[in-house]
Chemist: 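Next up is a structure, given as structure tokens.
Each chain gets a letter, A, B and so on, in the order the sequences are listed, and its residues count up from 1. Note that the structure is a prediction, hence the values are computed from the model and not measured.
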There are 2 protein chains.
Amino acid sequence: MPRDGTHTRNRILDSALLLALEKGLAAASLDQVIEGAEITKGAFFYHFKSKDELALALVRHVAELDRQNHAKIVQRVEELSRDPLQQVLLACSLTADLVAPSEPNPGCLFASYCYQGDLWSEAARKICESNFHEQAAWIEGKLKQAAKLAGRKGKSALAVSPAQLAMMFHSVFEGAFVLARTYNDASLFRKQVLAYRDMLEAVFKP
Amino acid sequence: MPRDGTHTRNRILDSALLLALEKGLAAASLDQVIEGAEITKGAFFYHFKSKDELALALVRHVAELDRQNHAKIVQRVEELSRDPLQQVLLACSLTADLVAPSEPNPGCLFASYCYQGDLWSEAARKICESNFHEQAAWIEGKLKQAAKLAGRKGKSALAVSPAQLAMMFHSVFEGAFVLARTYNDASLFRKQVLAYRDMLEAVFKP
DNA sequence: TAATCTATACCGACTAGTTGGTACAGTATG
DNA sequence: CATACTGTACCAACTAGTCGGTATAGATTA
């Protein structure tokens, strides 16, 4: 099938993502990316004109997958419940299941990039920020609705603002990966995301 | 002052730390470390026999600073309050002040290492794990005391276990750095750590 | 329908520069 | 005289990136 290059392109992206999560894309040489994709140097430079371009294409690729995943979770959660707080709690549970405990290098490409100055271009940063913001805005909106509902039932102000709670989702999400790697225990990711969910519930429930 | 080599050694460590937080130590060349330390190649290899050895010495160095800092916070906090929950909350506040909002590259060396496979040796991992564990164990102990105290006053079980709450400190701590870098806003670190504190309080208070 | 042309997809040898690391002769200090 | 360097020259291995060439599929032409 010499006509369709998307197959090769995707192989390159897959290989690069694997290496990026294992050792960081900056530390991975093009030769390693090429070897992983089982192609040749010529093929690589046919699809990407530089390593920087690959790096940017990779964040774009991952950001798109992340966006789709979030959309799927939102859709699923809207089907499962009408209560905004329950929707957020369910979304946390679904996110916790995202990472299989057997995964060898659980991690987030965004975090990997942001600790590697060379790849952390303004363009890459904006892509990550945009993804974070979109998801945080969804959570924040739901939590504001939940706060309003709780208010009608005669509740006092929240201990933490919906905006900070929403952002904390990503703090815990990203931090949980660091924890999992540091303690060498992939199951910690799941546990921490679920702990965040329980904490969220506690802030609203009482 | 040719008798004391610790000065030069510290200059190398400082230069390496700066570069590690800016672009990752793997991406930083020895020539850059040497230039930053304002020494020569000869001097570098007099003190460290390889880049790997520098990397390990650097985690050790940072881990020691971190340990000292934690000890200082614990001491300060024990002076300020006798209540275990208040002690933890105060410790969070002091930690939030750790990072100046003007800092150019706020971040954690441990997180930087753990996303750069080459540096993430088992030795380095254990050093990070040990630091994390020591601090989490302190928080967990305090929270268990706090839970017991609250129990005497007729409280029900906690929404989240002290162990998970204690680990979440590092999740939020590490995640907050990623957030600060992604949103390009160093003040987010402080806000997230304080939000964690408020959430902790909410879990215990009601 | 065979010959020619064109674009896409890919190969792999090659190069110029950088990397971590070595070697070693010299110097200043306590 | 040992310690703590400076300075420079050097090396093999690796790096990103280049370049001329090839194979194939499909459209155009004779």
Side-chain angles (χ1 to χ4, degrees), chain A residues 1-20 22-59 61 112-113 115-121 123-124, chain B residues 1-20 22-61 112-113 116-121 123-124:
Chain A
M1 68 197 80
R3 217 68 222 292
D4 188 12
T6 54
H7 174 73
T8 303
R9 204 187 131 96
N10 284 335
R11 285 190 67 82
I12 296 171
L13 252 15
D14 288 347
S15 168
L17 179 57
L18 210 73
L19 283 161
E22 186 199 322
K23 50 159 63 182
L25 194 56
S29 71
L30 284 185
D31 285 345
Q32 289 173 301
V33 174
I34 286 158
E35 197 190 325
E38 289 175 292
I39 51 151
T40 60
K41 211 143 215 195
F44 176 86
F45 280 98
Y46 175 77
H47 287 283
F48 303 96
K49 65 170 168 242
S50 70
K51 195 184 180 183
D52 282 352
E53 201 185 278
L54 165 68
L56 201 60
L58 187 58
V59 241
H61 178 67
S112 164
Y113 271 44
Y115 271 109
Q116 296 182 38
D118 292 337
L119 305 171
W120 197 235
S121 59
Chain B
M1 66 206 77
R3 213 74 220 288
D4 187 12
T6 54
H7 174 74
T8 303
R9 204 186 130 95
N10 284 334
R11 285 191 67 81
I12 296 171
L13 253 15
D14 288 348
S15 168
L17 180 57
L18 209 73
L19 283 161
E22 186 199 321
K23 50 158 63 179
L25 193 57
S29 71
L30 284 186
D31 285 344
Q32 289 173 301
V33 174
I34 286 159
E35 197 191 326
E38 289 176 291
I39 50 152
T40 61
K41 212 154 203 189
F44 176 86
F45 281 99
Y46 177 80
H47 287 282
F48 303 96
K49 64 168 170 246
S50 69
K51 194 184 181 181
D52 281 354
E53 202 185 278
L54 166 67
L56 201 59
L58 186 59
V59 240
R60 265 196 255 274
H61 179 66
S112 163
Y113 270 45
Q116 296 184 39
D118 292 337
L119 306 170
W120 197 233
S121 60

Chemist: Atom CZ of A:F44 and atom P of C:dA9: how far apart are they, to the nearest Å?
Modeler: 16 Å
Chemist: If you compare every side-chain N and O of B:Y46 against the phosphate oxygens of D:dA4 (OP1, OP2), does one of them come in below 4.0 Å?
Modeler: yes
Chemist: Without swapping roles, check the side chain of A:S15 against the backbone of A:V33 for a donor-acceptor pair under 3.5 Å.
Modeler: yes
Chemist: Pick one: which of A:K23, A:Q116, A:E22 meets side chain to side chain contact (heavy atoms under 4.5 Å, CB included) with B:Q116?
Modeler: A:Q116
Chemist: Nearest whole Å is fine: how far is D:dT18 P from A:F48 CZ?
Modeler: 15 Å
Chemist: Would you mind reading off the distance between B:E38 atom CD and D:dG7 atom C1', rounded to a whole angstrom?
Modeler: 16 Å
Chemist: NA contact type, B:A26, heavy-atom cut-off 4.0 Å: base, sugar-phosphate, or nothing?
Modeler: nothing
Chemist: Looking only at side-chain atoms of A:A43, point me to the closest of D:dT6, D:dG17, C:dC11.
Modeler: C:dC11
Chemist: Tell me the closest heavy-atom pair linking A:F48 and A:E53, and the distance in Å.
Modeler: CA-OE2, 3.6 Å
Chemist: Give the nucleotide from the list D:dC5, C:dC10, C:dG20 with an atom nearest to the side chain of A:H47.
Modeler: C:dC10
Chemist: Can you tell which of A:L56, A:L119, A:L30 makes a side chain to side chain contact (heavy atoms under 4.5 Å, CB included) with A:K51?
Modeler: A:L30
Chemist: Quickly work out the B:Q32 CD to C:dT18 C1' distance and round it to whole Å.
Modeler: 11 Å
Chemist: Roughly how many Å is it from CD1 in A:I34 to C1' in C:dA9, rounded to a whole number?
Modeler: 15 Å
Chemist: Please figure out whether A:A27 or A:G42 has its closest DNA chain D nucleotide nearer the 5' end.
Modeler: A:A27
Chemist: Can you identify which nucleotide, out of D:dT15, C:dG20, D:dT6, has its nearest atom closest to the B:I39 side chain?
Modeler: D:dT6
Chemist: Between D:dT6, D:dG17, C:dC10, which nucleotide gets closest to the side-chain atoms of A:K41?
Modeler: D:dG17
Chemist: Output the distance between atom NE2 (B:H61) and atom CZ (B:R9), rounded to the nearest 0.5 Å.
Modeler: 9.0 Å
Chemist: Measuring to OP1 and OP2 of D:dG7, would you say a side-chain N or O of B:T40 lies under 4.0 angstrom away?
Modeler: no
Chemist: Using atom CG of A:L30 as one end and atom P of C:dT18 as the other, report the distance to the nearest whole Å.
Modeler: 17 Å
Chemist: May I have the distance from A:K51 (atom NZ) to D:dT18 (atom P), rounded to whole angstrom?
Modeler: 15 Å
Chemist: Using a cut-off of strictly less than 4.0 Å, decide whether B:T8 has a side-chain nitrogen or oxygen near OP1 or OP2 of D:dC5.
Modeler: yes
Chemist: Rounded to the nearest Å, what distance is computed from the CZ atom of residue B:F45 to the C1' atom of nucleotide C:dC24?
Modeler: 15 Å
